[in-house]
There are 2 protein chains.
Amino acid sequence: MAYTANSLKAELNERGWRLTPQREVILNVFQNLAEGHHLSAEDLYNELQSQGDPISLSTIYRTVKLMARMGILRELEFAEGHKHYELNQPYPHHHHHLICVKCNKTIEFKSDSILKLGSKTSEKEGFHLLDCQLLIHAICPQCQRSLLPG
Amino acid sequence: MAYTANSLKAELNERGWRLTPQREVILNVFQNLAEGHHLSAEDLYNELQSQGDPISLSTIYRTVKLMARMGILRELEFAEGHKHYELNQPYPHHHHHLICVKCNKTIEFKSDSILKLGSKTSEKEGFHLLDCQLLIHAICPQCQRSLLPG
DNA sequence: AGAGTATTGTGTATTATTCTCAATAAGTGA
DNA sequence: TCACTTATTGAGAATAATACACAATACTCT
Ligand SMILES: [Mn+2]
Ligand SMILES: [Mn+2]
Ligand SMILES: [Zn+2]
Ligand SMILES: [Zn+2]
């Protein structure tokens, strides 16, 4: 069940917030993003720029944060010093990430048992689940061979 | 199997690196850290300061990064804008985190099935596993009640 | 349409983390 | 034990991601 402009508006208004063209366009970018892709704030800024919908960096930071807290986007912290975002999709699109801490190569994989564990755990503690992600930090085959320090 | 000064030295030297008093002291702080505690770089800086082993912030940042890449420490990114570190312990101490994205309340929980999945996945891709952590972003009971924006 | 207020864009501030570089000291082998 | 090589440290400056302040704008509701 993908978001439409209307369902997004409904969810925003319910909390006393507003639907703006910026928010709608930003959500669209994520909905059209190919599988396995993740955007940083700056990526998103450039993408919007080049598709002719320029939006200020401030608004971008505010919006992705807002949408992550609504559970619309998931916030991913790989090993690069800045956050990445992607659509927070339910089963069967929900997935996890295996990351090389040296070169940032990322592999996605699925697991519904983790998703179940995430729901069960947050429910048990009375938390409202937003996102559950297994993050595997590792070193890829190529970087294992390289003798470079660090 | 906790690290001793000697085993740490062996692992460092094996890679052409050196054991320094700073590295030894930093590892000790983490080994003496109570369960459920996590230190930011600044926390660690202050802790060392007050225990009479002052170490520069530069060295602290370099050391925790080094130890994370060696698999000695695990790097945790909660929702506060800076990293936290804790000892990377194997089963049965290995655990995961449920975090409130609004107030940062953190609850730890264990799961050996995730640990297995992490090993299996990285092995399958030929990666050398460093750490595997399930991160559950959620909103705690108290913050659900609060009507504050954000 | 108008009131009330959430949101935007611009510019600036903050702050975690990295970088630079000269001084120091760990490892190694004679 | 003593040099020799070079990894490491500490101090400070630099960087870069993100947050903030505020006046102008534009949603939403009546
Ligand atoms: Mn992904
Ligand atoms: Mn922990
Ligand atoms: Zn790699
Ligand atoms: Zn909370």
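Just so we're on the same page: letters track the sequence lines, and every chain starts at 1.
A straight line from CD of B:E80 to P of D:dT18 spans 15 Å, rounded to a whole angstrom. One atom, OH of B:Y45, and another, C1' of C:dT15, lie 16 Å apart when rounded to the nearest Å. B:R15 places its CZ atom 16 Å from the P atom of C:dT28, with the value rounded to the nearest Å. Computed from coordinates, the A:H82 NE2 to D:dA19 P distance equals 14 Å when rounded to whole Å. Rounded to a whole Å, the CG atom of B:L8 is 14 Å from the P atom of C:dA26. D:dT15 atom C1' lies 13 Å from atom CD of A:E42, rounded to whole Å. Between the C1' atom of C:dT8 and the CG atom of A:D53 lies a distance of 15 Å, rounded to the nearest Å. Residue A:I60 contributes atom CD1, which lies 15 Å from atom C1' of C:dT7 at whole-angstrom precision.
Under the 4.5 Å side-chain heavy-atom criterion for grouping Ile, Leu, Val, Met, Phe, Trp and Tyr, A:L135 is not connected to B:L117 through any hydrophobic cluster. Hydrophobic cluster membership differs between A:V101 and A:I107, with clusters built from Ile, Leu, Val, Met, Phe, Trp and Tyr side chains linked at under 4.5 angstrom.
Classification of the A:H84-A:F78 ring pair by plane angle, with boundaries at 30° and 60°, yields tilted. Aromatic ring orientation, A:Y85 versus A:F30: perpendicular (interplanar angle above 60°, classes split at 30° and 60°).
Shown here for A:H96 and A:S111, the closest heavy-atom pair between the two residues is NE2-O, 3.8 Å. Between A:V25 and A:Q51, the shortest heavy-atom distance links the atoms CG1-NE2, 4.0 Å. A pairwise comparison of heavy atoms in A:I136 and B:C132 identifies CG1-CB, 4.1 Å as the closest pair.
Residue-to-nucleotide proximity on DNA chain C shows that, of B:K83 and A:L57, the 5′-proximal contact is made by A:L57.
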B/S/- contact track for nucleotides 23-30 of chain D, protein heavy atom under 4.0 Å: ---BBS--
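Proximity of B:Y61 to the phosphate of C:dT17: a side-chain N or O atom is located under 4.0 Å from OP1 or OP2. For the OP1/OP2 pair of C:dG9 and a distance below 4.0 Å, the side-chain nitrogens and oxygens of A:T59 include at least one atom meeting the criterion.
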Derivation and outcome, ring-ring contact (aromatic ring centres under 6.0 Å, His included), residues B:H97 and B:H95: CA-CA 7 Å; B:H97 302 92; B:H95 62 268; 4.9 Å; yes
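Residue-level contact check: B:I55 touches the backbone only, with heavy atoms under 4.0 Å from sugar-phosphate atoms and none from bases.
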N/O to N/O distances under 3.5 Å, protein versus nucleotides 19-22 of chain C:
unit_1	atom_1	unit_2	atom_2	d
C:dC19	N4	B:S58	OG	3.0

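To the nearest 0.5 Å, atom OG1 of residue A:T59 and atom CG of residue A:L48 are 10.5 Å apart.
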